[in-house]
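Below: the structure, in structure tokens.
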Amino acid sequence: MTEHLLLFPDRAVAQEIAADLADEGFSEVRVLRVALAGEDDAEDHEWGVHVREDMVEDESGPVESGLRDRFAALAKEHHGWYDPVPTDP
């Protein structure tokens, strides 16, 4: 199993990306509000897309590496950022 978190400032972008990834068949995709360190105002919270894939057995293998590269590029393309090791989203 592998987990990933993509963060975006815009809710609509997060929802669109989550819908696309869910359509691709990932085990679990959900949109959530994420408070980053130092952010006290709820209006400043980012929109996260949490992705879990149960079919990845080797978290250090090429499939995991490919997912990291893909999600990092997807986040960058949409002015977000990627957390390859999410902590309890």
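All of these numbers come straight from a predicted model, not from anything done at the bench.
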Margin query: Using the rule that Ile, Leu, Val, Met, Phe, Trp and Tyr join whenever any side-chain heavy atoms are under 4.5 Å apart, tell me whether Val49 and Val56 fall into a single cluster.
Written below: yes
Notebook entry, point to check: Do you reckon Tyr82 sits in the same ILVMFWY cluster as Leu21, going by side-chain contacts under 4.5 Å, direct or chained?
Noted result: yes
Next item on the list: Would you name the heavy atoms of Ala22 and Val29 that are closest together and state the gap between them?
Entry: N-CG2, 3.9 Å
Next item on the list: List the atom of Trp47, the atom of Pro9, and the distance in Å for their closest heavy-atom pair.
Entry: CD1-O, 3.8 Å
Checklist line | Set of salt bridge (charged side-chain N to carboxylate O under 4.0 Å, His left out) partners for Asp23, sequence neighbours left out | finding: none
Check: Would a 4.5 Å heavy-atom cut-off, applied to side chains only, mark Val51 and Leu6 as touching?
Finding: yes
Check: Does a side chain donor of either Thr2 or Glu53 reach within less than 3.5 Å of an acceptor in the other side chain?
Finding: no
Note to self: Test: salt bridge (Lys or Arg N to Asp or Glu O under 4.0 Å). Region: residues 63-80. Which pairs qualify, not counting sequence neighbours?
What the structure shows: Glu24-Arg70, Glu64-Arg68
Next item on the list: Heavy atoms only: give me the nearest Pro86-Leu5 pair and the separation to one decimal.
Entry: CB-CB, 3.7 Å
Checklist line | Which atom of Ser27 lies closest to which atom of Asp54, heavy atoms considered | finding: OG-N, 2.9 Å
Check: Mind checking whether Leu7 and Ile17 sit in one hydrophobic cluster, side chains of I, L, V, M, F, W, Y counted as touching below 4.5 Å?
Finding: no
Next item on the list: Using the rule that two of Ile, Leu, Val, Met, Phe, Trp, Tyr join whenever any of their side-chain heavy atoms come within less than 4.5 Å, decide whether Trp81 and Leu32 are in one cluster.
Entry: yes
Item checked: Set of residues satisfying ring-ring contact (aromatic ring centres under 6.0 Å, His included) with respect to Phe71, sequence neighbours excluded -> His4, Phe26
Next item on the list: Decide whether Leu74 and Val34 are clustered together by the hydrophobic rule: side chain heavy atoms of Ile, Leu, Val, Met, Phe, Trp, Tyr closer than 4.5 Å, transitively.
Entry: no
